[in-house]
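Heavy atoms only: backbone and side chains are in, while hydrogens, waters and symmetry mates are out. Not measured: the values here are computed from a predicted model. So you know, we letter chains A, B, ... as the sequences are listed, proteins then strands, and number each from 1.
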Amino acid sequence: MSDLQPPRGTRDILPEDHRRHRHVTDTAFAIAGLYGYGEISTPIFEATDVFSRTLGETSDVVTKEMYTFDDRKGRSITLRPEGTAGVARAFISGLRSAPLPVKLYYQGPMFRYERPQKGRQRQFHQFGIELLGVDDPLGDVESITLGAHILGDLGVMDRVTLQLNTLGDTESREAYRATLVEYLQDFREQLSEDSQARLENNPLRIFDSKHKGDQAAVADAPLLSDALNESSQDFFGRVRDGLKTAGISFEINPRLVRGLDYYCHTAFEFATDQLGAQGAVLAGGRYDGLIKQMGGPETPGTGWAAGVERLSMMIAEPPLSPRPITVIPVGDETKDQALSIAQQLRHAGLAIDLGFSGNLKKRLNRANKAGAIAAIIIGEDELAKGVATVRDLETSEEAEVGLSSLQEHLARYR
RNA sequence: GUGGCUGUAGCUCAGUUGGUUAGAGCGCCGGGUUGUGAUCCCGGAGGCCGUGGGUUCAAAUCCCAUCAGCCACCCCA
């Protein structure tokens, strides 16, 4: 029994789950298409340094969450923990001469070695977009607008809030970092162990901590927003204005800090309180230095990723579509006819279930449970007359329909 | 990685102070004269009580370990 369980933090996505899963990704695909984005798939695993060099050597993802192993030739391989680094790599190796901007979306499994809990698994799925080659704040606005559009169509907008912050450009951030570290020296003793280490390598992240001592230390600390240089302030101002123009409401959250090193300027997160401790359903920001850092041409980028499982948990039950029509033969002599009628109708584009066994009562019962909208009953009586009995399973109305006009009659159920 | 809670049939759970062949509801399968769907009646399959050790004459029940789930921290989608 225990051998039959999937590995920790993974799960089988059964047909019922997939209906929700697919509804999320189908919606996202359709809307990304409306914004002119094209689909890209990158490998599920990459050379380890694709992630370790870009996400930040000290980030949690790199230090303790990656699935890394050596392949048979001793190359270090890592199952992708997120999508952006792989897409950036693909851009450099295969799309560098493409006309800018390059607008991409992707969907697929990601892997992070973490302790599972609600809304958090070791293998999970993300849908994400990347907009490459746009340094204008309008790019951030488009990216966020696209995300909001998808959340809106999924019907979850009323249960999320858009949290927005800026990390400023490199100059602003470096300057601020120095003042923050200096300020926090006096509080060193009360900081958590993790945050004491962050003092050295990523002091901004202390803002994110839920540790009481950390929060107290940071409560009256100088804010990054006060340390922004003029161009960073201007950039952020134009993002906010753009969002207002697009009619998207947001809250400024000065404590919102991205965990991955490659972010600059815009950082945002659509957050909910409905998924336990996991707040983010769609989050991202700007990453202007990433592609150059990986060895490509200097190319600005902005984008986000959304958790497919998290969104699946939030959406309403998606419609069962298409509802099938069940073909039910009565008596052994009619099976061949039933089969060929079923095939004919399937080729005409109708969703057809064939009742396999049991008496008529059982088969109608099964058709009902399968969500069928109608049943086509084919018995010897019918065949003798060259008709089939079509029973509407909603209204219970029955009609005898000539076999030749069956297809026409069923058109109402498409 | 840390801490807390949990683990009996596909699902939700019961199982007395440790005592012999471990139960219910739902679901599933079959039947109620191979022709009519949610109901009703009858029958059936399905559990080495998460796994491995230990204590005991005797363990689903007590102890230890381990695995998995849930919750929180950490962090994130």
| message | When the C1' atoms of B:G47 and B:C28 are compared, how many Å lie between them, rounded to an integer? | response | 16 Å
| Which part of the nucleic acid does A:Ile377 contact within heavy-atom distance under 4.0 Å: base, sugar-phosphate only, or nothing? | base
| note | Dot-bracket assigned to RNA chain B with the 3.5 Å Watson-Crick/G-U criterion, [ ] for crossing and | for other-strand pairs, is (((((((..((((.....[...)))).(((((.......))))).....(((((..]....))))))))))))....
| query | Are A:Arg80 and A:Phe51 side-chain neighbours, meaning at least one heavy-atom pair lies under 4.5 Å? | reply | yes
| task | Please confirm whether any donor atom in the side chain of A:Glu65 sits under 3.5 Å from an acceptor in the base of B:G1, or the reverse. | result | no
| query | Which residues in residues 361-374 of chain A have at least one heavy atom lying under 4.0 Å from any atom of RNA chain B? | reply | A:Lys361, A:Leu364, A:Asn365, A:Arg366, A:Asn368, A:Lys369
| Gap between atoms CG and P, on A:Asn253 and B:C76 respectively (whole Å) | 13 Å
| message | Please give the distance between the P atoms of B:C29 and B:U39 as a whole number of Å. | response | 13 Å
| task | With C1' as the reference atom in both, quote the distance from B:A14 to B:G7 in angstrom, rounded to an integer. | result | 15 Å
| query | What pairs meet the ring pair (Phe, Tyr, Trp, His ring centres under 6.0 Å) rule with one or both residues in residues 391-414 of chain A, with sequence neighbours excluded? | reply | none
| request: Scan for side chain to side chain donor-acceptor pair (under 3.5 Å) pairs involving residues 103-114 of chain A, sequence neighbours excluded, and state none if there are none. | output: A:Glu114-A:Arg120
| request: Assess the side chains of A:Gln163 and A:Glu251: does a donor N or O sit below 3.5 Å from an acceptor N or O? | output: yes
| A:Leu360 CG to B:G35 P: how many Å, rounded? | 8 Å
| task | With C1' as the reference atom in both, quote the distance from B:G27 to B:C48 in angstrom, rounded to an integer. | result | 24 Å
| task | Sticking with atom C1', work out how far B:G69 lies from B:U12, rounded to a whole angstrom. | result | 16 Å
| Sugar-phosphate, base or nothing in reach of A:Gly284, heavy atoms under 4.0 Å | nothing
| message | If you define the side chain from C-beta out and look only at heavy atoms, does anything of A:Ile92 sit under 4.5 Å from A:Met294? | response | yes
| Taking the same atom, P, in B:C13 and in B:U56, what whole-Å distance lies between them? | 35 Å
| Does any N or O in the side chain of A:Thr48 come within less than 3.5 Å of the main-chain N or O of A:Ser76, such that one atom is a donor and the other an acceptor? | yes
| request: Select base, sugar-phosphate, or nothing to describe what A:Gln121 touches, counting heavy atoms under 4.0 Å on all strands. | output: base
| A:Glu309 or A:Val330, whichever maps to the more 5' nucleotide of RNA chain B | A:Val330
| said: Go nucleotide by nucleotide along RNA chain B from the 5' end; which of A:Val281 and A:Lys64 gets its closest nucleotide reached first? | reply: A:Lys64
| field | Heavy-atom donor-acceptor pair, A:Arg122 side chain to A:Thr10 backbone, under 3.5 Å | value | no
Look for any protein N or O under 3.5 Å of an N or O in nucleotides 42-44 of chain B and output each such pair with its distance, or none.
none

| d(CG, A:Asp381; P, B:G35) in whole Å | 10 Å
| request: Please identify each residue that fulfils ring pair (Phe, Tyr, Trp, His ring centres under 6.0 Å) with A:His125, with sequence neighbours left out. | output: A:His21
| query | With rounding to whole Å, what would you report as the distance between B:C63 and B:G23 at their C1' atoms? | reply | 27 Å
| Evaluation steps, side chain to side chain donor-acceptor pair (under 3.5 Å), between A:Ser232 and A:Asp169 | CA-CA 6 Å; A:Ser232 294; A:Asp169 60 14; 3.2 Å; yes
Give every pair of a protein N or O atom and an N or O atom of nucleotides 68-70 of chain B that lie under 3.5 Å apart, one pair per line with the distance.
unit_1	atom_1	unit_2	atom_2	d
B:G69	OP1	A:Gly9	N	2.8
B:G69	OP2	A:Arg8	NE	2.6
B:C70	OP1	A:Arg11	NH2	3.3

| query | Of all residues at least two apart in sequence or in a different chain, which pass the salt bridge (Lys or Arg N to Asp or Glu O under 4.0 Å) check with A:Arg22? | reply | A:Asp26
For residues 141-148 of chain A, which side-chain N or O atoms pair as donor and acceptor with protein atoms under 3.5 Å away, sequence neighbours left out?
unit_1	atom_1	unit_2	atom_2	d
A:Glu142	OE2	A:Tyr37	OH	2.8
A:Thr145	OG1	A:Val141	O	2.5

| query | Can you list every pair that meets ring pair (Phe, Tyr, Trp, His ring centres under 6.0 Å) and has a residue in residues 138-176 of chain A, with sequence neighbours left out? | reply | A:Tyr35-A:His149
| task | Keeping the roles fixed (side chain from A:Glu82, backbone from A:Ala85), state whether a donor-acceptor pair exists under 3.5 Å. | result | yes
| task | Give the ring-plane orientation class for A:His265 versus A:Phe235, where under 30° counts as parallel, over 60° as perpendicular and anything between as tilted. | result | parallel
| task | Check each residue of residues 38-46 of chain A for a non-hydrogen atom within less than 4.0 Å of any atom in RNA chain B, then write out the ones that pass by number, or none. | result | none
| field | Sequence neighbours excluded - ring pair (Phe, Tyr, Trp, His ring centres under 6.0 Å) pairs with any residue from residues 332-353 of chain A | value | none
| query | Heavy-atom count around A:Glu182 CD within 6.0 Å, excluding the residue itself: above 12? | reply | no
| task | To the nearest Å, give me how far apart CZ (A:Phe51) and P (B:C76) are. | result | 17 Å
| Inter-nucleotide C1' distance (B:G32, B:A68), Å rounded | 44 Å
| field | Spacing between A:Arg205 atom CZ and B:C74 atom P, to the nearest angstrom | value | 11 Å
| Nearest-angstrom distance from the residue atom CG of A:Asp273 to P of B:C76 | 20 Å
| request: Could you tell me whether a side-chain N or O of A:Asp49 sits under 3.5 Å from a main-chain N or O of A:Ser52, the two making a donor and an acceptor? | output: no
| message | I need the CD1-P distance between A:Ile129 and B:A77, as an integer number of Å. | response | 14 Å
| Does CD belonging to A:Glu408 count more than 12 external heavy atoms closer than 6.0 Å? | no
| message | In this structure, how many angstroms lie between the P atom of B:C76 and the CH2 atom of A:Trp304, rounded? | response | 19 Å
